[in-house]
Trainee: 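A single structure is presented below for examination.
Chain identifiers are assigned alphabetically (A, B, ...) following the order of the sequence lines, protein sequences preceding nucleic acid strands; residue numbering begins at 1 within each chain.
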Amino acid sequence: MSNENVIAHDFIRQAVTEDLKSGRFNGVHTRFPPEPNAYLHIGHAKALWIDYGIGLDFGGLFNLRFDDTNPAKEEQEFVDAIIQDVRWVGAVFDDRLFYASDYFDRMYEWAQELIRKGLAYVCDLTAEEVTAHRGNLTQPGKDSPHRNRPVEENLDLFRRMRAGEFPDGSRTLRAKIDMAHPNLNMRDPVMYRILHTPHHRQGDKWCIYPMYDWAHGLEDSIEGITHSLCSLEYENHRPLYDWFIDAVNQGRTDDGSGPWGRKIHHPRQIEFARLNMTYTVMSKRKLIELVRDGSVRGFDDPRLPTLAGLRRRGYTPEAIHDFCRRIGVNKTDSVVDMQLLEHCLREDLNKRSPRRMAVLRPLKLVIDNYPDGQVEQVDAVNNPEDAAAGTRQAPFSKALYIEQDDFREAPPPKYFRLFPGQEVRLRYAYFVKCTGCVKDAAGKVTEVHCTYDPATRGGDSPDGRKVKATIHWVSAAHALPAEVRLYDHLFTKPDPQDAPPGQDFRANVNPNSLETVQGFVEPSLGSTGVSPVAEFPVQFERLGYFCKDKDSTPDKPVFNRAVTLKDTWAKIEKKEGAKK
RNA sequence: UGGGGAAUAGUGUAACGGUAGCACAACUGACUCUGGAUCAGUUAGUUAAGGUUCGAAUCCUUAUUCCCCAGCCA
């Protein structure tokens with residue numbers, strides 16, 4: 001706590017500090033390089049926090065760059081969504097928004113340069129043949145029969161690939177490295193493939209597209225990125241990343257003299273572990289499957305760990321920052337407890353969120369000795385954690401709604417709430433004492449009756465008598481109907497992958513991850529009233545934090561539950577139940 | 001089996017040859033007009049075996065376990 005202003009000293013920041021000290025780099029420039037083929041999720045927020053945070057900590061620059069090298073998978077919709085998400089989490093890139101596809105011309109020139117240097121060749125093998133020639137983990141690969149084509153023939157073929165003379169998949173440009181290399185990525189990797197597919201930004205300009213390994217380091221080089229931060233699975237690609245830049249630089253000089261010109265910038269790639277969390281999945285592929293098979297209602301479904309989903313659910317950027325700060329940065333595969341994310345949200349919202357009363361599962365409470373037709377306005381505190389938030393008034397009358405959970409005809413042990421003969425406080429209003437209840441033919445409680453003590457107005461008793469529980473309420477005549485969506489984990493198991501034999505993660509989708517209830521909220525939450533809380537989550541007292549959803553209509557608000565409050569009673573009840 | 005990585009309480013993360021600390025979770029208790037919040041406390045850890053050293057989570061050796069790599073995906 002006392003060291004909040006000190007730069008966190010994770011292993012990447014240590015490396016950056018050393019690079020600055022040794023003079024390897026004179027400044028810091030980082031980037032976040034998403035492929036626009038899906039929505040961003042909380043794992044990307046971690047990466048963003050590292051990329052952007054390090055740029056910020058060292059007074060450097062930060063770029064947002066789309067790695068749009070595969071037109072078959074990428075779409076403008078994702079570009080737009082990603083930009084919105086990156087801005088929302090607070091990574092500032094100003095005008096430094098770039099696209100790898102804007103560098104295609106330069107990459108094409110460099111590819112020809114590698115051919116001239118004898119470091120790349122056009123290969124006519126089919127995809128299957130390339131795989132067969134690659135060997136496997138223990139056996140070396142075999143050279144392609146086209147590996148030693150003359151430079152002029154390679155140049156001619158490569159130009160004709162670009163000109164569109166050959167069909168998809170018929171030829172590739174490959175780097176000439178080593179088919180026996182112990183690192184499979186170094187066995188003459190493909191640099192370009194033929195793809196007669198229009199690009200979402202480049203249109204029909206290209207029919208050959210660069211592969212990630214060839215393109216990525218060059219993109220970083222062009223932008224002057226010093227530290228190319230990425231996740232662990234790219235560790236095996238680092239030798240290639242370095243090889244390609246060294247290959248371009250072969251024969252080049254610092255001052256640009258000589259036939260090949262000036263050397264290009266060589267960034268340093270450093271890898272860190274990606275984020276995993278309990279009760280959810282983090283891979284793009286799985287997220288897409290859940291959306292496609294209807295397990296959720298879209299990429300912004302509040303049950304998803306996507307940033308769009310978290311935003312819709314009521315998560316704040318501040319809570320996400322805090323979460324990223326707490327999980328740290330390292331190279332260990334880890335699974336972070338979902339409860340930590342929830343804790344971060346509660347901590348943020350507890351300080352800032354306005355309180356309101358809402359009843360999710362209504363049960364009518366009638367105060368028999370309260371005058372018919374009388375309405376009082378009681379003062380309610382907006383946020384006990386923040387005196388500046390002030391107070392509001394809530395209408396009180398003879399007939400109220402309370403939570404079904406707050407009444408028991410036969411109370412279990414340690415139950416402090418309403419039951420016949422028991423007195424409780426109606427928050428900010430009066431003490432009431434339960435006198436009985438009315439049941440329907442099926443034995444279900446339909447109405448609870450009580451009497452109130454007029455001397456306890458405001459919620460305190462002049463005779464000093466105490467009450468063990470305070471419950472929330474809304475006035476039946478004044479309350480606004482609202483739809484409330486209650487979310488639970490999307491998966492029933494901490495590790496969704498832990499599925500029965502022959503089944504995949506979808507076998508663990510929680511059928512009860514969404515429960516929709518029709519409740520009532522304070523009039524101050526309506527669209528007609530002045531609502532200070534339209535876009536920011538509110539706390540429904542004793543229940544949790546809720547955020548107004550985009551599905552709300554003028555007559556009926558819809559709320560998403562972001563996270564519950566900690567519920568000690570639920571634990572006691574569970575424990576008492578287990579005793580029996 | 002080849003190559004590349006990683007191992008610290010249940011979970012996440014500190015320590016950089018000198019008292020193994022913090023957070024989340026769990027559990028006690030205090031307080032409370034939210035069974036919230038807050039406060040106090042408890043439980044619980046260096047993968048293993050050797051070695052170097054006055055002293056090892058840290059250095060060395062060996063072993064074990066886990067993750068990644070055989071896309072014309074990124």
Trainee: What class does the angle between the rings of A/Tyr430 and A/Phe396 fall in, given that below 30° is parallel, 30 to 60° is tilted and above 60° is perpendicular?
Mentor: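 The rings of A/Tyr430 and A/Phe396 sit tilted, inter-plane angle from 30° to 60°.
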Trainee: Could you tell me whether the phosphate oxygens of B/U32, OP1 or OP2, come under 4.0 Å of any side-chain nitrogen or oxygen in A/Arg542?
Mentor: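 No, because none of the side-chain N or O atoms of A/Arg542 sits under 4.0 Å from OP1 or OP2 of B/U32.
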Trainee: Side chain of A/Arg326, base of B/U13: donor and acceptor closer than 3.5 Å?
Mentor: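 No pair found.
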Trainee: With a 4.0 Å cut-off on heavy atoms, is A/Met211 in touch with a base, just the backbone sugar-phosphate, or nothing at all?
Mentor: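 Counting heavy atoms under 4.0 Å across all strands, the contact made by A/Met211 is with sugar-phosphate only.
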Trainee: Contact class for A/Asn70 vs. all strands (heavy atom < 4.0 Å): base, sugar-phosphate, or nothing?
Mentor: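 Sugar-phosphate, backbone atoms only, no base.
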Trainee: Does a distance-only test, which skips hydrogens and angles, find a donor-acceptor pair under 3.5 Å between the side chain of A/Asn185 and the base of B/C69?
Mentor: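 For A/Asn185, whose side chain was compared with the base of B/C69, there is no donor-acceptor pair (under 3.5 Å).
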Trainee: Check every atom of B/G12, B/A37, B/U34 against the side chain of A/Val336 and return the nucleotide holding the closest atom.
Mentor: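 The answer is B/G12, which lies nearest to the side chain.
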Trainee: What contact category does A/Tyr234 fall into here, base, sugar-phosphate, or nothing, at under 4.0 angstrom with non-hydrogen atoms?
Mentor: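 Touches a base.
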Trainee: What is the nucleic acid contact for A/Leu341, judged by heavy atoms within less than 4.0 Å: base, sugar-phosphate only, or nothing?
Mentor: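 Contact class for A/Leu341: none.
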Trainee: Contact class for A/Thr126 (heavy atom, under 4.0 Å): base, sugar-phosphate, or nothing?
Mentor: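 Base: the residue A/Thr126, judged by heavy atoms under 4.0 Å, touches a nucleobase.
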Trainee: Can a donor-acceptor pair under 3.5 Å be found between the side-chain atoms of A/His133 and the base atoms of B/A70?
Mentor: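 No, the side chain and the base share no sub-3.5 Å donor-acceptor pair.
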Trainee: Applying a 4.0 Å non-hydrogen cut-off, can you work out what A/Lys284 is touching in the nucleic acid: base, sugar-phosphate, or nothing?
Mentor: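 No contact.
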Trainee: Side-chain donor or acceptor of A/Asn183 under 3.5 Å from a matching atom on the base of B/G2?
Mentor: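 It does not, because no donor-acceptor pair links the side chain of A/Asn183 to the base of B/G2 below 3.5 Å.
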Trainee: Counting the atoms with a prime plus P, OP1 and OP2 as sugar-phosphate, which does A/Asn136 contact under 4.0 Å by heavy atoms, base, sugar-phosphate, or nothing?
Mentor: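 Base contact.
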Trainee: Taking only side-chain nitrogens and oxygens of A/Thr332, does any of them come within less than 4.0 Å of OP1 or OP2 of B/C67?
Mentor: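 A/Thr332 to B/C67 OP1/OP2: no side-chain N or O under 4.0 Å.
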Trainee: Looking only at side-chain N and O atoms, does A/Thr69 come under 4.0 Å of OP1 or OP2 in B/A74?
Mentor: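 Checking B/A74 against A/Thr69, a side-chain N or O does come within under 4.0 Å of OP1 or OP2.
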Trainee: Does A/Asp220 come within less than 4.0 Å of A/Arg268, counting only side-chain N to carboxylate O?
Mentor: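 Judged by the 4.0 Å cut-off on N to carboxylate O distance, A/Asp220 and A/Arg268 do not form a salt bridge.
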Trainee: With sugar-phosphate meaning primed atoms plus P, OP1 and OP2, does A/His216 contact a base, only sugar-phosphate, or nothing at under 4.0 Å between heavy atoms?
Mentor: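 No contact.
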Trainee: From CG of A/Asp10 over to P of B/U13, roughly how many Å is that when rounded to an integer?
Mentor: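 A/Asp10 atom CG is separated from B/U13 atom P by 11 Å.
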Trainee: Can you tell me if the side-chain N/O atoms of A/Lys575 get under 4.0 Å from OP1 or OP2 in B/U28?
Mentor: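 Indeed, a polar side-chain atom of A/Lys575 lies that close.
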Trainee: Rounded to whole angstrom, note down the C1' distance from B/A57 over to B/A7.
Mentor: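 So the two C1' atoms sit 11 Å from each other.
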Trainee: Using a strict cut-off of less than 4.0 Å between a Lys/Arg side-chain nitrogen and an Asp/Glu carboxylate oxygen, indicate whether A/Glu271 and A/Arg238 qualify as a salt bridge.
Mentor: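 Looking at A/Glu271 and A/Arg238, the cut-off is met.
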Trainee: Should A/Glu219 and A/Arg65 count as an ion pair when the cut-off is N to O under 4.0 Å?
Mentor: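 Salt bridge flag = yes for A/Arg65 with A/Glu219.
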Trainee: Is the closest basic N to carboxylate O distance between A/Asp68 and A/Arg201 below 4.0 Å?
Mentor: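 A salt bridge is absent here (no side-chain N lies under 4.0 Å from a carboxylate O).
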Trainee: Could you tell me whether the phosphate oxygens of B/G35, OP1 or OP2, come under 4.0 Å of any side-chain nitrogen or oxygen in A/Lys414?
Mentor: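 No, outside the criterion.
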Trainee: Over all strands shown, is A/Ile572 touching base, sugar-phosphate only, or nothing at heavy-atom distances under 4.0 angstrom?
Mentor: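 Touches a base.
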Trainee: Looking only at N and O atoms, is any donor in the side chain of A/Gln339 or the base of B/U11 less than 3.5 Å from an acceptor on the other one?
Mentor: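 No, no donor-acceptor pair under 3.5 Å.
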Trainee: Does A/Asn330 reach a base, just sugar-phosphate, or nothing at all? Heavy atoms under 4.0 Å.
Mentor: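 Counting heavy atoms under 4.0 Å across all strands, the contact made by A/Asn330 is with sugar-phosphate only.
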Trainee: Answer yes when A/Lys433 and A/Glu423 have at least one side-chain N-carboxylate O distance shorter than 4.0 Å, and no when they do not.
Mentor: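 Looking at A/Lys433 and A/Glu423, the cut-off is not met.
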Trainee: Has A/Thr568 got a side-chain N or O lying under 4.0 Å from the OP1 or OP2 atom of B/G36?
Mentor: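 It does, given that an N or O in the side chain of A/Thr568 lies less than 4.0 Å from OP1 or OP2 of B/G36.
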Trainee: Classify the side chain of A/Glu385 versus the base of B/G36 as yes if they form a donor-acceptor pair under 3.5 Å and no if they do not.
Mentor: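 A donor-acceptor contact between them is present.
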Trainee: How would you label the contact of A/Thr138 with the nucleic acid (heavy atoms, under 4.0 Å): base, sugar-phosphate, or nothing?
Mentor: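 Base: the residue A/Thr138, judged by heavy atoms under 4.0 Å, touches a nucleobase.
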Trainee: Under 4.0 Å between a Lys/Arg side-chain N and an Asp/Glu carboxylate O for A/Arg408 and A/Glu573?
Mentor: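 A salt bridge links A/Arg408 with A/Glu573.
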Trainee: Measure the distance from NE2 on A/His472 to C1' on B/U34 and round it to the nearest whole Å.
Mentor: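 From A/His472 NE2 to B/U34 C1': 9 Å.
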Trainee: Answer with base, sugar-phosphate or nothing: what part of the nucleic acid does A/Val467 contact at a heavy-atom distance below 4.0 Å?
Mentor: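 Answer is nothing: A/Val467 stays at 4.0 Å or more from every strand.
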Trainee: With heavy atoms under 4.0 Å as the rule, sort A/Glu342 into base, sugar-phosphate or nothing.
Mentor: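 Contact class for A/Glu342: none.
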Trainee: For A/Arg355, which contact category applies under a 4.0 Å heavy-atom criterion: base, sugar-phosphate, or nothing?
Mentor: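 Contact class for A/Arg355: base.
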Trainee: Does any N or O donor sit under 3.5 Å from an N or O acceptor when you compare the side chain of A/Arg417 with the base of B/G35?
Mentor: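 Check passes, donor-acceptor contact within cut-off.
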